[in-house]
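Reading through the structure tokens given below for one structure.
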2 protein chains.
Amino acid sequence: MRDRPPVPIKAAVRRTTLAVDVVVLSPRTDALAVLLIRAPASARERWSLPWDAPQPGEGLEDAAARIANAALGAAPAYFEQVGALSDGRRHPGDADVSVGIAALSPAGVGLPIEDAEWFPLASLPALAPRHRTIVDRAAAVVRQRVDQSPLAFRLLAPTFTLSDLQGVYELLLGRRLHKASFRRALQASYLVEPTDEWRSEGRGRPAQLFRYAPKKRRGARRGVRFDLFTE
Amino acid sequence: MRDRPPVPIKAAVRRTTLAVDVVVLSPRTDALAVLLIRAPASARERWSLPWDAPQPGEGLEDAAARIANAALGAAPAYFEQVGALSDGRRHPGDADVSVGIAALSPAGVGLPIEDAEWFPLASLPALAPRHRTIVDRAAAVVRQRVDQSPLAFRLLAPTFTLSDLQGVYELLLGRRLHKASFRRALQASYLVEPTDEWRSEGRGRPAQLFRYAPKKRRGARRGVRFDLFTE
DNA sequence: TCAATAGTGTCTGTTAGACATTATGGA
DNA sequence: TCCATAATGTCTAACAGACACTATTGA
């Protein structure tokens, strides 16, 4: 059992082409939307994710910020890495390895450039296979981390109503939530504080505006949930 | 507002040096342990994570499997990507970008090569700064995903007692769990099935052996938890 | 006045943790 | 016999969801 290949302690590092592919997500008209840019006529698909190679010395999140900014016309509020992919799937720039990054932006922020457009997550046009995978993974990552990470608040303006917040959670989770339970749990979490402003939208009672203001508190210490469902 | 930099639709892809850094995790004597390999005398730190550049055409997980196999002498049971890093922190091979991958292996599997050793997660020797970051992130990722992913079962032999399983969860979560609650939740999850074998270890009543055998079931549909704790 | 939305109080079934008890082996 | 560990039953407090109700605005 001692004739295994030696450990590559100081292996020769090969050179690889690397792309940062950004999934800019934003709530648009009752659906999560992705920002896509029009591809040149020569490309096989007509749309693609905003992407680029990182500049020398530029961090991956910095590159993602630059790329998102160029397409959206504003800096997204939050970045979450989706992971690195180097399967055989085709990338528009034929990069060997892609780092997928989800960028979250509130509705109505920024003015996308002429060649960019929002598409609902549920009805995307054809994308290069690797971009398709990255979008799917980004959506999964965002859904998975929504209650460990303040993701939802990054899809909202600095002040928001509790119905706004619940709406974002419903978009992210893809299902309706119970209003009273949602507010009770939110109250117990000390994540938001009320402002003294109210917003009136058409009919109905005006809603109080809140802001994200998490209070330090000890972790929940709850039991194991075994939330694996094999589908 | 139209004089923003053009979108890099077809940017020139630069070449980058890429490393896959593997955090092999295994339960050893009541603590999670990481497999490190002895670095050459010329290196600044005496130990490092097993790592290598991916071969041309080799997927990242394939590379991680090859690298882990070379150090551990056996294939780990599970891989979970930790993410890509390209901050300025120093890497033993000076790679521009590292992809960190956590590899899980049951206790007692494999025979580490001569230059490899297990270190408890809580008392690691000095590592190159980027390796240190990757280890910390791997531990965080594993802790975070333990109830969405069958991680715990990959740190156990194919059959195990419920006390074994609870012990692994306690290692991963870093806290004690309530026995009756743990078993109730496990029962309700349909993740394990009993075998007709029993194991007697020293004193005490012998324990029944179980195996991981998840049944298809619908997702839990529970409410939002707001499990962000800012510490 | 009606319609629509915000926000809250109460009830009930479920569940997590505390505690106690039984079961079964080895020393 | 005693001790250690496995496995399970019961009680209780906390919680999630259903439902109903009040509050406050615009049409």
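- We find that CZ of A:R176 is positioned 19 Å from P of D:dA16, with the value rounded to whole Å.
- With sequence neighbours excluded, the residues forming a side-chain contact (heavy atoms from CB on, under 4.5 Å) with B:D87 are B:L85, B:R89, B:R130, listed by chain and number.
- We find that CZ of B:F182 is positioned 14 Å from P of D:dT8, with the value rounded to whole Å.
- Residues passing the side-chain contact (heavy atoms from CB on, under 4.5 Å) test with B:A207 are B:T161, sequence neighbours excluded.
- Per the geometry, CZ belonging to A:R225 stands 12 Å off P belonging to D:dC15, to the nearest Å.
- The interatomic distance linking B:Q187 (CD) with C:dG17 (P) rounds to 17 Å, in whole Å.
- Residue B:L186 contributes atom CG, which lies 15 Å from atom C1' of C:dA16 at whole-angstrom precision.
- Rounded to whole angstrom, the span from the CZ atom of A:R175 across to the P atom of D:dA16 amounts to 12 Å.
- Applying the ring pair (Phe, Tyr, Trp, His ring centres under 6.0 Å) rule to B:F182 yields the partners A:F226, B:Y169; only residues at least two apart in sequence or on another chain are considered.
- Nucleotides of DNA chain D nearest to A:A185 and A:S200 differ in position, and the one nearer the 5' end is that of A:A185.
- With sequence neighbours left out, B:Q187 forms a side-chain contact (heavy atoms from CB on, under 4.5 Å) with no residue at all.
- Listed by chain and residue number, B:A77, B:Y78, B:L104, B:P150, B:Y212 satisfy the side-chain contact (heavy atoms from CB on, under 4.5 Å) test with B:R154 (two or more places apart in sequence, or in another chain).
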- Heavy atoms under 4.0 Å is the rule here; annotate nucleotides 1-10 of chain C 5' to 3' with B where the base is hit, S where only the sugar-phosphate is, and - elsewhere. --SBBBB-BB
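- Around CZ of A:R176, the count of heavy atoms belonging to other residues, nucleotides or ligands within 6.0 Å does not exceed 12.
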